[in-house]
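Since the model is a prediction, treat every value here as computed from it, not as a measurement. Below, chain A is the first sequence line, B the second, and so on; all start at residue 1.
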Amino acid sequence: MPELPEVEVVRAGLERHVVGRTITSVEVLHPRAVRGHEAGASDFVGRLLDATVTAVRRRGKYLWLDLGSSPEPAGAPEEGLLAHLGMSGQMLMRPPGTPNERHLRVRLGFADGGPELRFVDQRTFGGLTPVELVDVDGTRVPRPVAHIARDPMDPLFDPVAAARAIRRRRTGIKRALLDQTLVSGIGNIYADEALWRARLHGTRPTDRLTARQARETLDAATAVMAEALAAGGTSFDALYVDVNGESGYFERALDVYGREGEPCRRCGTPVIREPFMNRSSFSCPRCQPRPRAQR
DNA sequence: AGGGCAACCTGGGGGC
DNA sequence: TGCCCCCAGGTTGCCC
């Protein structure tokens, strides 16, 4: 589901609702939601009980809670609770006693008796994992996130280095944009939107892009995600919601994604849909011509 | 080494 | 109505 803007909406909501609170009850309703934790569901529960949330952070599409013991120890946090929303994950704040959501997977209750944090996930591609935090290039991140590149909203994001990394790859530009180890946070929607803005077809070979083209594509991705974030995220339906269950409304502003047959907003040519890695790519065949056959 | 693809799931919608 | 196929915003692991 969610790409960077949607995950950031969730992060900001969690920050408002759980920082400073101590976890005193943990219920795992579906083992698959904690499959990333090898020690299993009961160990998962034990690791979270009595932990205090000290911060809520994000890199790309990964989200995590910094956890401290209570009372607060000195120094950098050593542990966290990592969340990935997969295709359909939601983090919802709900008053205790609220009926279980159909796809409720994990429930965290707090010492103050206030709203619970519920992880709801229809397709179960997402999950929660207790993690060790490690230093990577001067930033503390969960160990499973160590290989994920900084995202464009990161103050330390280096667009020149990211453009260079993309051009070093021998692949198509869309594949490179989706590669979370080159630049993180971009998914299928924002990749298509960025390529439309940059007037590039997704199969354009990265190693034949100019530095300027690579940079402009990254800048376009950054801009479209910033706009989506300002609008509260993109949502097509009730699956994509903030911690209060409210939908964003950015879908009206998408230029190509999901607009097969509708006129390109620049030139009026009907937008086309092409198969791509078991999913879809949308583009304007005139503004974004497919590259000539490879030599 | 690095690229590309199937697999992991559930549910909604369209066609027959 | 029912069934079946296709589609969905992600990531991993495995094969080449």
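A:R105 places its CZ atom 17 Å from the P atom of B:dC8, with the value rounded to the nearest Å. Atoms CE (A:M87) and P (C:dG9) sit 5 Å apart, rounded to a whole Å. Distance, A:L85 CG to B:dC9 C1': 16 Å, rounded to whole Å. If you measure from atom CG of A:L63 to atom P of C:dG10, you get 15 Å, rounded to the nearest angstrom. Distance CZ (A:R279) to P (B:dA6): 14 Å, rounded to an integer number of Å. A straight line from CG of A:L82 to P of C:dT12 spans 10 Å, rounded to a whole angstrom. For the pair A:M225 CE and C:dG9 C1', the computed distance is 13 Å after rounding to whole Å. Nucleotide C:dA8 holds its P atom 10 Å from the CD atom of A:E260, rounded to whole Å.
Rounded to the nearest Å, the gap between the C1' atom of B:dG11 and that of C:dT12 is 23 Å. Here, C:dT11 and B:dA1 have their P atoms 24 Å apart, quoted to the whole Å.
Using modelled atom types and a 3.5 Å distance limit, the side chains of A:K61 and A:S184 yield no donor-acceptor pair. Using modelled atom types and a 3.5 Å distance limit, the side chains of A:T139 and A:R150 yield a donor-acceptor pair. Side-chain polar atoms of A:R167 and A:T206 form no donor-acceptor pair below 3.5 angstrom. Side-chain contact check for A:T52 and A:T22: at least one donor-acceptor pair (N or O, by modelled atom type) lies under 3.5 Å.
A heavy atom closer than 4.0 Å to some atom of DNA chain C occurs in A:R123, A:F125, these being the qualifying members of residues 120-127 of chain A. For the segment residues 168-181 of chain A, the set of residues with a heavy atom within less than 4.0 Å of an atom of DNA chain B comprises A:R169, A:R170, A:T171, A:R175, in numerical order.
Taking 4.0 angstrom as the limit, A:R273 places a side-chain polar atom (N or O) nearer than this to OP1 or OP2 of C:dC7. Phosphate proximity of C:dG10 to A:H84: absent, as no side-chain N or O sits under 4.0 Å from OP1 or OP2. Listed pair A:S280 / C:dA8 meets the phosphate criterion, a side-chain N or O lying under 4.0 Å from OP1 or OP2. Within the structure, every side-chain polar atom (N or O) of A:R32 is placed at least 4.0 Å from both OP1 and OP2 of B:dT10.
The salt bridge (Lys or Arg N to Asp or Glu O under 4.0 Å) contacts involving residues 267-287 of chain A comprise A:E274-A:R290, where partners must be two or more places apart or lie in separate chains.
Every residue was checked against the ring-ring contact (aromatic ring centres under 6.0 Å, His included) condition with A:F157, not counting sequence neighbours, and none meets it. Among residues two or more places apart in sequence or in another chain, the ring-ring contact (aromatic ring centres under 6.0 Å, His included) test is passed with A:F119 by none.
Hydrophobic clustering (ILVMFWY, side-chain heavy atoms < 4.5 Å, transitive): A:V131 and A:V145 are in one cluster.
Taking 4.0 Å as the cut-off between side-chain N and carboxylate O, A:R175 and A:D179 do not count as a salt-bridged pair. Ion pair A:R197/A:E216 not flagged as a salt bridge, since none of the NZ, NE, NH1 or NH2 atoms sits closer than 4.0 Å to an Asp/Glu carboxylate oxygen.
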request  = Represent DNA chain C in dot-bracket notation, 5' to 3'. Only Watson-Crick or G-U wobble pairs with both distances under 3.5 Å count; pseudoknot-style crossings use [ ] and interstrand partners use |.
outcome  = .|||||||.|||||||

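With A:D151 as the partner, the salt bridge (charged side-chain N to carboxylate O under 4.0 Å, His left out) test is satisfied by one option alone out of A:R57, A:R59, A:R58: A:R58.
With a 4.5 Å cut-off on side-chain heavy atoms, A:E260 and A:I272 do not count as touching.
Among the nucleotides C:dG9, C:dT11, B:dT10, the one closest to the side chain of A:H103 is B:dT10.
Nearer the 5' end of DNA chain C, as judged by each residue's closest nucleotide, is the contact made by A:N278, out of A:Y62 and A:N278.
Contact annotation for A:R35: no contact, since no heavy-atom pair falls under 4.0 Å across all strands.
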